[in-house]
Amino acid sequence: MAVGVHKEATNSQPGLARTGLSDLSIRNLFIIPTIAFLACMNIFPLIWSLFLSFHEWRANLPDEKAVYVGIQHYRDILNDPAFWQTFSLTAQYVLYAVVGELVVGFGVALLLNREMKAKGVITTLLLLPMMMSPAVVGLFWKLLWNPGWGIVNPIFGLANDYAWLSDANRALWAVVITDIWMWAPFVMLLSLAGLSAIPKHLYEAAEIDRASWWFTFRNITLPLVTPLLLIAIIFRTMENFKQFDMIFTMTGGGPGTSTEVHSIRLYRMAFQSWDTGKSSAFAYILLIMVIGISMIYIKYLNKIKER
Amino acid sequence: MASITFENLTKKYDDLTAVNDLNLSVNDGEFYVMLGPTGAGKTTSLRCLSGLDKDYQGSVYIGNSNVTDWSPAHRDVAMVFQQYSLYPHLTVRENLEFPLKSKIRMVPQDEIERRVNYAAATLKIVDLLDRKTDKLSGGEMQRVSIGRAIVRKPKVFLMDEPLSSLDAKLREALRIELKRLQKELGATLIYVTHDQVEAMSMADRVGIIKEGQLIQSDTPHKVYNEPKNTFVAGFVGSPKINFFDGIVENGRLTIKGSPHQFQLESEILEKIRGITGELIIGVRPEDIFLTHEAQEGACEAKVYVIEHMGMENLISFHIDPYHFKAATDSAFEVNANDKIYFRFAQEKLHFFDKNSEENLV
Amino acid sequence: MANINVKDMIKRFGQTEVITKLNLEIKDQEFVVLLGPSGCGKTTTLRAIAGLEDIQGGEITIDGKAVHDLPVKQRDIAFVFQLFALYPHLSAFNNIAFPLKAAGMPKSDIEKRVFAVAEFLQIKSLLKSMPSALSGGDLQRVSMARALVRDPKALLMDEPMGTLDAKLREELRTELKHLHIETNSTTVYVTHDQVEAMSMGDKIAVMNDGILQQMGNPKEVYDNPSNIFVAQFIGSPVMNVVDCNYATDGDVTHLVLGENNSDKFTLSKNLTQKLKAKNGDSKNLAVGIRAEAVDLKLEPTKGYVKVEVEVIEPLGPFDIVDVKVGDGLVRSSTRSQYVEKSCKHVWIHLNEEKIHFFDTQSGQSLNINAEA
Amino acid sequence: MNLLKKLTLGILALTISSALYAQKLTIFWAEWDPANQLQELAEMYTEETGVDVVVETTPWPDFQTKTFTEFAAKGSSFDMVVGDSQWVGAGVKGGHYVKLNDFFKEHKVAETMTAGTVAAYAEYPQGSKNYYAIPTEGDADGWAYRKDWFEDPKEMANFQKKYGYKLDVPETWAQLKDIAEFFHRPDEGRYGVTVYTGKGYDALTMGIENVIFAFGGSLGDYATYKVEGLVNSKETIAAVEYYKELYQFTPPDWGDTFFAEANQVFTQGKVAMSMNYFAFFPALTNKKVNPHVAGTGYFSNPKGPAGRFAALGGQGMSINSYISDSQKKLSYDFLAWFVKEENQRKWAEVGGFTCNKAVLESEAFLNATPFNAAFKETMFMVKDFWAIPEFADLLEPIQRNMHQYIVADQGTAKEGLDNVAREWKEILKKAGYTN
């Protein structure tokens with residue numbers, strides 16, 4: 001049966017296939033430099049700032065010697081009532097903003113999660129705030145909140161001397177609302193992804209099971225979208241915990257300290273007072289807090305995922 | 001054309017052993033089917049043979065050449081997959097010509113035409129030659145895929161579930177064609193499937209694979225009638241073989257846990273060479289005889305379900321603690337919960353060891 | 001329990017009509033299988049009965065009451081989905097309890113009923129498991145339990161075994177049929193697998209291209225298919241259908257299969273008469289015969305025609321022998337290993353009692369034997 | 001390795017050739033009009049000498065941060081910086097500024113510039129006769145006001161009736177408050193006054209300082225570093241309380257403002273009097289910016305119980321100590337040119353606020369703009385914030401506490417200033433000035 005067309009395959013040509021890069025050279029060429037780069041760009045500053053947090057040193061006087069002070073900075077910060085005040089303010093801000101973003105974002109996602117005309121356009125438009133720079137949003141809303149020429153007061157029928165950003169009691173709400181405006185779309189996007197990932201046949205099954213809309217929402221929609229909502233919460237909590245540019249451009253932390261969240265305080269300490277050592281300690285305390293919060297969330301997330 | 005030998009082939013993916021010490025020889029010009037459940041390692045063996053999977057232990061021979069270290073291109077095997085993998089932007093003719101146009105083959109144009117025409121005629125796709133492949137039906141696409149394998153005149157054809165995405169009727173038709181084609185080309189063909197009907201109907205020999213190991217390699221007839229163990233017996237045949245625990249004592253077979261007893265015929269006793277005690281007994285549905293009336297040597301049972309299959313009726317009945325399924329003539333009518341009497345075709349009983357589940361005969 | 005009637009139902013998706021004037025009569029306690037190739041409209045029909053699809057014409061009644069304008073909830077039917085559609089975040093127990101909870105049933109009653117149905121389906125040990133931990137068969141049982149737990153008027157099932165492997169399907173179909181015998185719930189079952197349809201259905205409704213081809217019990221559709229489509233869709237191996245014509249030569253009438261063929265099968269007088277009555281000029285005629293109705297002998301026999309053996313397919317309990325008749329193949333099922341590999345020629349005969357004739361133009365059966 | 005060598009050589013060659021080729025000076029400053037004016041002046045220098053001078057700018061709130069970040073990196077992206085008066089200490093102590101004693105001697109800078117500006121912009125520590133900057137832009141707080149409103153007979157009559165004295169440029173802080181109250185009519189979209197309230201940098205503190213000094217209050221003793229009892233003295237408290245009273249006559253939402261916002265509402269014609277640095281007044285003489293040019297007048301700070309003072313702004317020009325000697329030489333040449341009286345005159349002509357005594361007192365200067373007279377007057381009564389290296393540390397608590405009291409309306413002035421005193425004491429102690 002052999003027809004003799006296999007001239008190309010003979011015993012003398014084994015193993016010609018292995019051309020291209022071997023795993024080893026890929027490692028040497030790409031992975032090692034990447035790790036080295038990461039080490040330089042991320043790990044070194046991390047260690048350096050840890051070192052600084054145990055020293056008294058000012059970056060505006062770089063030639064002065066760094067004096068070792070042990071955990072003095074940490075002790076000072078944690079014993080300072082002002083720190084805890086800022087902490088509670090930050091916590092309030094995070095709580096209000098995240099809850100608000102969740103309610104608004106998830107609500108809008110529910111409205112959008114159906115067949116409708118121009119859904120794509122509407123979704124894109126709704127996502128615009130998220131794509132802007134926080135600093136720009138801050139400046140932009142600073143104008144909107146202005147009682148003289150902003151649009152907020154006329155819309156809600158408030159007097160033209162109803163100040164928001166200059167009022168210690170309202171400034172936080174103004175900032176929170178702005179943040180919700182900016183980031184609710186993010187929650188919406190994740191919620192939409194979560195909602196559209198719920199198989200349609202589950203809703204059909206629920207319909208067959210004669211479940212009401214509310215019953216279906218509570219027992220199907222909510223539990224199934226929870227993992228993504230949790231991811232949204234993690235992101236927003238961590239982001240809001242670090243929130244800086246938007247608030248800074250809107251209020252600079254004022255009036256007084258009524259919107260002075262951790263990051264603004266840290267900024268002032270590090271780049272206005274140049275108290276580099278202490279601000280490194282402050283940054284480390286924040287880092288530990290952020291890690292702590294995210295660990296709690298991730299643990300919870302894993303628990304949900306296990307089901 | 002060439003024979004194929006796997007020698008101690010082992011393939012691991014991380015901590016999963018896909019193929020475990022496989023030894024197997026396929027003769028020149030043989031239609032060999034590897035049959036087994038999903039994940040048994042059939043496809044992996046095929047991929048090792050083609051050279052698509054590397055880093056395996058053991059050796060692979062095609063003809064007399066040890067091709068273990070060869071690249072896929074040099075092994076000169078043709079593969080047909082479940083997914084047709086045709087080039088959608090090319091016509092059928094261009095798809096068929098494609099493997100011949102490669103630089104290393106250097107096939108002259110008139111030879112290309114001759115081979116394409118031959119393949120098209122064999123597969124009855126001559127009138128499709130100038131169509132774009134995305135306009136074809138599933139069956140037509142699979143024919144073109146096979147055609148693309150044929151034109152190369154490879155030493156060996158490898159087919160990985162090529163029919164499984166087609167509907168039943170088409171599958172039956174292509175099954176016959178494929179077998180005819182293989183005989184016509186005299187090609188060595190290794191065919192992988194999880195469908196025992198395909199395996200039985202096409203194969204010269206069937207290799208039954210389980211968890212990366214070859215369990216039995218035999219003609220379809222032998223595999224069906226002399227299964228090596230309960231796995232093979234259970235895997236081959238539809239409706240499935242009935243298993244029950246039986247006790248052989250004093251020339252009698254007792255269905256364990258029930259009062260039912262059968263006197264075993266002397267030839268059978270001879271066949272099992274005096275083995276006694278508890279065994280696993282297998283009996284195929286067509287080897288159970290049912291009657292409405294009580295008969296010598298038959299036991300009573302209650303009908304569970306009747307299935308009218310047209311050609312035959314399948315009757316499930318229950319004798320505590322087992323369900324049996326018997327195939328009867330389509331004229332045999334009963335209703336659920338009716339009383340019936342059954343006996344076994346004793347020469348067709350299969351006896352397996354209780355522990356090793358190996359066939360004792 | 002209930003009668004379900006579908007009258008002149010029309011369903012369109014946009015401009016495409018997918019169901020054309022469909023009529024189905026499903027009697028109380030009956031197990032009806034909607035059978036057809038994918039895309040034939042069987043699932044759409046089922047979903048329309050459930051209320052998951054709206055219809056563009058006709059009527060659907062349950063116990064005489066028109067329901068096609070009612071929402072799903074008010075139709076009181078249960079539905080088992082192809083992918084089971086179990087709630088992935090709920091345990092088996094909570095999945096089964098879901099319809100009862102949705103109805104606001106007290107907790108103790110829920111438990112009682114869930115346990116009862118679980119007992120019945122022998123899945124009590126699975127109740128605490130999450131769906132992701134269950135095997136295909138168990139998933140199917142749990143979804144059955146969910147469907148049965150609230151005592152619906154009817155049970156609709158959409159290819160509930162489509163994703164399971166062959167062996168498990170074989171087992172489950174016996175169970176399902178037994179379940180039906182026990183519960184006697186009106187059941188409509190959709191599948192593309194004729195084996196399932198034959199084995200389970202009290203009645204089979206064969207559909208193709210949105211049109212009902214034939215409805216009858218398994219024996220009827222197997223023995224008297226109303227057209228070529230049904231004839232070839234039901235039964236395995238597929239029924240041989242070969243173009244033919246007949247010619248009378250004196251007293252004897254010969255049947256010639258295919259073109260360019262000298263092989264002639266002699267027809268009995270009785271059959272010839274019937275055939276002539278139905279089809280005078282012997283045009284557009286095809287003969288249909290099942291593999292088991294093609295008798296095969298190894299030696300020349302009177303009334304048998306000598307043919308060439310093409311392929312032998314051993315299937316275990318029996319072999320299928322493909323023989324060459326004219327240009328085509330005819331398949332005959334024989335005892336295992338009756339025809340040996342070395343065998344080049346055999347002699348075949350068509351069993352007249354099981355022969356079918358079809359009009360190739362309309363595809364309809366001439367019903368030669370049905371009237372006999 | 002070969003490649004690396006080539007690269008290094010290449011970079012080196014490039015650096016050298018660019019240094020040889022372009023004689024170029026970079027001066028770093030904040031983004032505002034005076035920087036543009038300095039650029040204009042520098043172009044005259046380029047014309048004369050062929051040396052390119054570029055004034056690089058950055059927004060005010062970033063200015064300090066950027067400058068010191070560059071210093072911390074010992075960078076040489078600018079040759080000279082027109083640094084704020086309060087930075088001198090930090091600049092000197094960090095070793096960032098080149099000492100200019102010889103230059104001062106040679107060019108008699110201390111003699112030709114006003115004493116207040118030399119002390120505040122150039123000398124560190126004060127009284128040490130060590131100089132590090134050339135007074136460049138003299139600046140201090142003054143006032144722009146709506147002369148047309150003040151001179152409206154109807155307003156004058158009403159004012160006379162209500163307050164019992166004639167409506168005119170305020171002579172005292174008390175009068176200024178009366179006038180602010182008089183013109184504060186939110187219903188008409190008119191407001192009494194604008195003062196600095198910004199939370200960023202030193203805005204609010206600069207505003208309050210004007211009053212504190214006039215009320216006899218103090219920010220502490222710059223010589224002994226004593227703050228307790230001074231920064232929270234009765235007088236300081238009274239000054240802060242007074243400032244808060246003024247705040248109620250500001251436009252709505254005026255809680256975070258500085259010079260830009262002040263000019264904005266003034267040019268919109270919404271406010272009667274506007275506190276601002278003189279450096280921002282030139283814009284108000286531009287008809288395109290300020291439609292009310294004709295009705296705009298200027299005055300210097302009124303007096304308080306303890307006299308007349310003004311918070312000092314303004315900057316001196318220093319040489320970056322991290323640049324090459326050749327660049328330093330170029331810088332010296334420029335500074336020598338800059339301090340010449342004729343060039344100081346040119347500086348004033350392009351709009352710069354010169355610190356040169358002779359120019360300041362010349363008739364031509366006084367009449368050049370409507371506010372130069374007020375400026376001259378002011379420049380002889382200026383006082384500044386702390387200029388020690390830790391000035392920024394000191395700014396933060398006073399900014400925060402004062403904003404908390406004045407804008408956020410929390411606590412009392414005394415509580416706020418007590419906090420400042422306490423926090424300052426700690427900072428000064430930590431920095432080693434006190435025990």
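Chain letters run A, B, ... following the sequence lines, proteins first, then strands; residues in each count from 1.
- Remark: C/Asp193 CG is packed, more than 12 non-hydrogen atoms of other residues, nucleotides or ligands lying under 6.0 Å away.
- Proximity of C/Arg173 to B/Leu314: side-chain heavy atoms (C-beta onward) are separated by under 4.5 Å at one or more points.
- Interface remark: C/Ser236 contributes backbone and side-chain atoms alike to the contact with chain B (heavy atom separation under 4.5 Å).
- Interface summary for chain C: among B/Lys179, B/Gln196, B/His323, B/His221, the most heavy-atom pairs under 4.5 angstrom belong to B/His221.
- Using a 4.5 Å cut-off between heavy atoms, B/Ala168 does not touch chain C at all.
- B/His308 has its side chain out of reach of C/Val221: every pair of non-hydrogen atoms, C-beta onward, lies at least 4.5 Å apart.
- Taking C/Asp319, C/Val311, C/Ile320, C/Ile234 one by one and counting their heavy-atom pairs under 4.5 Å with chain B, the maximum is reached by C/Val311.
- Within 6.0 Å of the CD atom in C/Glu182, the count of heavy atoms belonging to other residues, nucleotides or ligands exceeds 12.
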Test salt bridge (Lys or Arg N to Asp or Glu O under 4.0 Å) applied to C/Asp322 and B/Arg175, step by step: CA-CA 12 Å; C/Asp322 298 71; B/Arg175 209 160 83 189; over 6 Å; no
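- Each of C/His178, C/His192, C/Lys177, C/Glu175 has some count of heavy-atom pairs under 4.5 Å with chain B, and the biggest count is that of C/His178.
- No more than 12 heavy atoms of other residues, nucleotides or ligands shown are found within 6.0 angstrom of NZ on C/Lys324.
- Proximity to chain B (any heavy atom under 4.5 Å) is shown, for C/Thr174, by both the backbone and the side chain.
- Heavy atoms of B/Pro239 lying under 4.5 Å from chain C belong to its backbone as well as its side chain.
- Both the backbone and the side chain of B/Met309 come within contact range of chain C, each with at least one heavy atom under 4.5 Å from a heavy atom of that chain.
- More than 12 heavy atoms of other residues, nucleotides or ligands lie within 6.0 Å of CD in B/Glu347, so this atom counts as buried by the packing criterion.
- The contact between C/Phe318 and chain B is made entirely by side chain atoms (from C-beta outward), counting heavy-atom distances below 4.5 Å.
- A donor-acceptor distance shorter than 3.5 angstrom exists from the side chain of B/Glu172 to the backbone of C/Val238, with no hydrogens or angles considered.
- Here the side chains of B/Ile176 and C/Arg331 are in contact, with some heavy-atom distance below 4.5 Å.
- Rounding to the nearest 0.5 angstrom, the gap separating the CD atom in C/Glu313 from the CE atom in B/Met200 is 11.5 Å.
- Within the model, atoms CD1 of C/Ile312 and OG of B/Ser201 stand 12.5 Å from one another, a figure rounded to the nearest 0.5 Å.
- Ranked by heavy-atom pairs under 4.5 Å with chain C, the list B/Ser316, B/Gly310, B/Gly234 is led by B/Gly310.
- You'll find the side chain of C/Tyr222 reaches within 4.5 Å of the side chain of B/Met311, heavy atoms only.
- The main-chain N or O of B/Lys240 is found under 3.5 Å from a side-chain atom of C/Glu170 such that the two form a donor-acceptor pair.
- Annotation for C/Lys341 and B/Asp204: closest pair NZ-OD1, 3.8 Å, computed over non-hydrogen atoms.
- When the candidates C/Ala166, C/Ser336, C/Ala197, C/Pro317 are compared by the number of heavy-atom contacts under 4.5 Å with chain B, C/Pro317 comes out ahead.
- With a threshold of 4.5 angstrom between heavy atoms, B/Lys325 approaches chain C through side-chain atoms but not through N, CA, C or O.
- For C/Ile181, the part lying under 4.5 angstrom from a heavy atom of chain B is the side chain only.
- Annotation: C/Glu310, atom CD; neighbour count of heavy atoms from other residues, nucleotides and ligands within 6.0 Å is above 12.
- If you measure heavy-atom distances from B/Thr219 to chain C, you find no contacts under 4.5 Å at all.
- With a 4.5 angstrom heavy-atom cutoff, C/Val195 touches chain B via backbone and side-chain atoms both.
- Heavy atoms closer than 4.5 Å to chain C are found in both the backbone and the side chain of B/Lys169.
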